[in-house]
Amino acid sequence: MTTRGGPSMKWALRIPQPYIKRAIILALGFSLLSIWILAYYVSQTKQNPRWEPPQANCKLAGSKANPFFPVRPQPMRDVAKNSRTQPAALVFVESAYSKLGQEIAALLEANRLKYKTEIVSGKSFPSFTELGHGKYSLVIFENLNKYLHMDKWNRDILDRYCLEFNVGIISFVGKSEDNLLNKKVGDFPLYMHSNLRLKDCSLNPDCPLLYLTRAGETWRGNLPGEDWTIFQSNHTTYEPVAYAKTSSLEYVHMNENLDRSYHVTVMQDLGLYDGIQRVFFGNDLNFWLHRLLFLDSATYLSQGKLSLSLERFILVDIDDIFVGKVGTRMQTSDVKALVTAQSRLGSLVPGFRFNLGFSGYFYYSGDDIEDTGDDALLANAHEFWWFPHMWAHTQPHTFTNETSLREQMILNKRFAKEHGIPTDGGYAVAPHHSGVYPVHVPLYEAWRKVWGIKVTSTEEYPHLRPPRHRRGFIYKNIMVLPRQTCGLFTHTIFIDKYPGGRSRLEESIHGGELFQTFINSRVNIFMTHLSNYGNDRLALYTFESVIKFVQCWTNLQLKTVPPMELGRKYFDLYPEEVNPVWQNPCDDKRHSAIWSKYKTCDRLPRFLVIGPQKTGTTALYAFLSMHPNILSNFPSSKTFEEVQFFNGANYYRGIDWYMEFFPTPSNSSLQYLFEKSATYFDNELVPKRAHALLPRAKIVTILINPARRAYSWYQHMRAHEDAVALNHSFYKVVTATDEAPRSLRELKNRCLNPGKYAVHLEMWLNHYPASQLLILDGDQLRTDPVSTMWKTQKFLKVKPHFDYDSHLRYDPSKGFYCQVMPNGKTKCLGRSKGRHYPPMESDTEKFLSNYYLPYNVELSKLLTKLGQQLPDWLREELRGR
């Protein structure tokens, strides 16, 4: 009988059971291993970027006239007239807080264009001219209605100024609750229609004001807002700048020669009607293209006085090229994509190269696949520029000495040499910008000695925000350049997890923040990170997209140069930024976080005695130092009791040097640190510098008759055996002409200039509020120091109240008050104080009285405005005048 299954089954039944079980176990194990390997490679294999490289299909406008607008002749502009104006704009705003007014100011600031704002009112206008020259080369009205409805007197003044100096006007149509239809614009042959929704904006390539902006493209989509105003006119003076379609079935009667679907949103007045050129904007600056057209309008209407260069330098830094968590680092395919993208970008931007920052300690700190990415980077090291971070990415400000910093840098440099990374780029970036600003002196010294660094960059000077205020400076012969962000950070790895979604990134690229950075900054160092080039490779997409968009919509000329050349270029463009302006590190949380924990702002003074010289500042310094809770600076070996930090070479030593002159107060709330430097008063740099570092400090100054002060300075110089003072009479010094020897003119200046009190006080009041300024009468300090010191203590709010009446005594032999010591004797100022000079000659006294008269008049007005009593000497000078 044959069993079911035949011979094969018989064979199978003959296989021992243990072998079958073993085979099953092996097969199961093999399957599990295969699944695990597959899962590993799937998890470790990065998805390809979710887009192809951006394509740019720019349409060149060429010379062919736009079919919607006929070509009109362009009027000749009288450049010679406008050469008599200053390169500044006068901006009329509705209030100090109006949104559009602030946006206009911010845009002018971002492009380093000078301006002054005035609130529109029915009162008289500000002065437009000074010594026959125009103070402004452009006038801007935030609201067109304020321009159209100003009173006739002011309108005539403005029109005459614009005609005489060939100054143009920019104005914006404000929001209106009423729907205007065929509304005449003032007395102009121009009509407008309001509260429209528009879409698809294009430019007129024949418009003469286009300079920065490139015509030929159409911005597709709805324009922001539902309150657009459009213009129409048949007069030849009007040239359309921009036009758009209605985004609904709204119908507006327009010029029969114009396609009814296109409406003018920005209109240029060529000045053929009344001789004044203007540009009218049908909406505010929320639309990105309006920002470009505003800058072009400013350039054109100011005859180039407020012009921008078309040249833009860009450098893209990739920080922390070996630093990153597993899963965020670059793989071999990412490196290949980086090289390929660099080649494409090089075809768009001459000289383009990525600049890679490295910390060698983190080399080979990924998984096996990412470590091959590290190898691929080194294999292509010659393709890129390189710059060092710290060896282990440590923040430099945490190192207390230069030696430790150098040791870390040497390790990183050794790594670079062993792996074929160039070490002569002269550029470095500190992790988290630590030690660059606020300045950590050991970092700069170590950089110079180990790497020969000439250039660095930071986003922290003077502050991170707003970005338009970032500037550069030079310290220890190292050029510090401003750095910009691009919307990509260490955590922006995948597009579907981008903060705000992909649309937010696209908005930044296409007319938004990143695009505007290219427009507003002539030199841009962009900060990116390793993680932006792996995974979804957002950085490659972002930069290629924005560069192509810039080239489609602007005439900017982009280029990349090595960091050291870029540094030299930056300070050629902005030489005024060579000298730093130190800020208070404790006023910025970011600065405090990258400032040494061993430093404290408690060692900064709470008030300054600023001078001027020869008015009694040394006596005031001595009297203040008598107070138990007022601490002066330590003496200087060169300038004695004066630090003279804010007004000379000492300023470039930095705030660490400055703070070393002050003790650490045992009670910072009760004790007051101060310094007295009498040269601060009339130095134009000092108020800005002092306010930047000490914005809440009180300012104390002393005034005496300026003629007597000048004479005292002259006698002071004679006592110090100054050759010029010894060889020339006081009258000859103060009456020296411009043809006199330089040394004589310099002595004249030091005698006379500090006495122009109102000029210098206004300079201080431009930075400090009047509530922080105390003006003392020097004569009263000399004759009645007790009441003067009571007034000073009250102003400073220092406690306890010190009884100067018991600690000061008049010394007949000296002719002034001296300190009473515990033993009952007096301690007076040195021999150089209280000198007796021969009386001033009457003709010299008369000359100086006339010389200082206008300055004393201004001082009287200023003191009255401040609510301060006029000193007796000033009343005497002005009596009968």
Side-chain angles (χ1 to χ4, degrees), residues 54 56 58 60 106-113 210-217 288-289 291-296 298-300 304 306-318 341-342 344-355 385 427 455 457 459 466-472 479-488 508-528 539-540 542-577:
C58 299
L60 294 175
L107 188 53
L108 293 170
E109 283 179 2
N111 288 277
R112 303 169 189 249
L113 300 177
L210 296 184
Y211 168 68
L212 170 68
T213 315
R214 178 182 171 275
E217 299 301 303
W288 66 269
L289 193 53
R291 293 176 175 268
L292 270 64
L293 294 176
F294 173 82
L295 294 173
D296 278 348
T299 297
Y300 186 88
L306 300 175
S307 178
L308 304 176
S309 169
L310 296 178
E311 189 177 55
R312 295 291 184 277
F313 293 90
I314 62 171
L315 179 66
V316 179
D317 286 352
I318 307 178
Q342 178 174 275
R344 288 198 304 270
L345 290 169
S347 67
L348 301 173
V349 181
F352 185 88
R353 275 195 179 190
F354 287 109
N355 197 29
W385 292 325
Y427 177 71
V455 190
S457 63
E459 59 183 8
R468 67 178 183 273
H469 288 168
R470 293 177 195 163
R471 296 292 185 263
M479 297 176 282
V480 182
L481 305 184
R483 219 174 190 212
Q484 304 295 345
T485 55
C486 62
L488 301 178
S508 178
I509 292 169
H510 299 112
E513 184 176 355
L514 180 56
F515 173 80
Q516 295 296 333
T517 302
F518 276 76
I519 301 301
N520 298 331
S521 301
R522 294 183 64 180
V523 175
N524 283 301
I525 300 178
F526 289 107
M527 174 178 63
T528 63
L540 299 184
T542 296
F543 280 102
E544 194 163 351
S545 296
V546 71
I547 286 171
K548 288 183 176 179
F549 191 78
V550 165
Q551 294 183 337
C552 281
W553 281 97
T554 78
N555 293 310
L556 293 180
Q557 301 161 8
L558 305 179
K559 58 185 68 176
T560 297
V561 296
M564 283 204 290
E565 184 179 344
L566 187 64
R568 290 189 291 268
K569 183 67 177 178
Y570 183 89
F571 289 104
D572 284 344
L573 293 172
Y574 308 116
E576 69 279 5
E577 293 183 21

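One-based numbering along the sequence shown.
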Do [X] and [Y] come within less than 4.5 Å of each other through their side chains, counting heavy atoms only?
X      : Y      : result
Trp288 : His510 : no
Val550 : Arg312 : no
Arg214 : Trp553 : no
Leu310 : Tyr211 : yes
Asn520 : Leu107 : yes
Ile314 : Ile547 : yes
Pro563 : Asn355 : yes
Phe294 : Leu108 : yes

Practice item. Any chance you could lay out the side chain to side chain contact (heavy atoms under 4.5 Å, CB included) test for Leu348 and Leu558, step after step, and finish with the verdict? Key: CA-CA 8 Å; Leu348 301 173; Leu558 305 179; over 6 Å; no

If you compare all heavy atoms of [X] against all heavy atoms of [Y], which two are closest, and at what distance to 0.1 Å?
X      : Y      : answer
Leu488 : Ala539 : CD1-CA, 3.4 Å
Gln516 : Gly511 : NE2-O, 3.2 Å
Gln484 : Ser521 : NE2-OG, 4.2 Å
Thr528 : Ile318 : OG1-CA, 3.5 Å
Ala298 : Leu306 : O-CB, 4.0 Å
Thr554 : Phe515 : CG2-CZ, 3.9 Å

Practice item. May I have the step-by-step check of side chain to side chain contact (heavy atoms under 4.5 Å, CB included) for Arg522 and Leu573, ending in yes or no? Key: CA-CA 9 Å; Arg522 294 183 64 180; Leu573 293 172; 3.2 Å; yes

Is there a donor-acceptor contact under 3.5 Å from the side chain of [X] to the main chain of [Y]?
X      : Y      : value
Gln342 : Phe354 : yes
Arg470 : Arg483 : yes
Asp296 : Leu210 : no
Ser508 : Leu514 : yes
Thr560 : Leu315 : no
Glu513 : Gly487 : no
Glu459 : Pro482 : no
Glu577 : Gly472 : yes

Practice item. Salt-bridge test for Glu565 and Lys569: reply yes if a basic N is under 4.0 Å from a carboxylate O, no otherwise. Key: no

Practice item. Please assess Tyr427 against Leu566 for the test side chain to side chain contact (heavy atoms under 4.5 Å, CB included), listing each intermediate value before the final yes or no. Key: CA-CA 10 Å; Tyr427 177 71; Leu566 187 64; over 6 Å; no

Point to revise | Residue that, paired with Phe518, satisfies ring-ring contact (aromatic ring centres under 6.0 Å, His included) out of Phe543, Phe549, Phe526 | key: Phe526

Practice item. Tell me, with the steps shown, if Phe571 and Met479 meet side chain to side chain contact (heavy atoms under 4.5 Å, CB included). Key: CA-CA 8 Å; Phe571 289 104; Met479 297 176 282; 3.6 Å; yes

Exercise for review: Find out whether the Lys NZ or Arg CZ of Arg471 is both under 6.0 angstrom from the six-membered ring centre of Tyr574 and within 45° of the ring's axis.
Suggested key: no

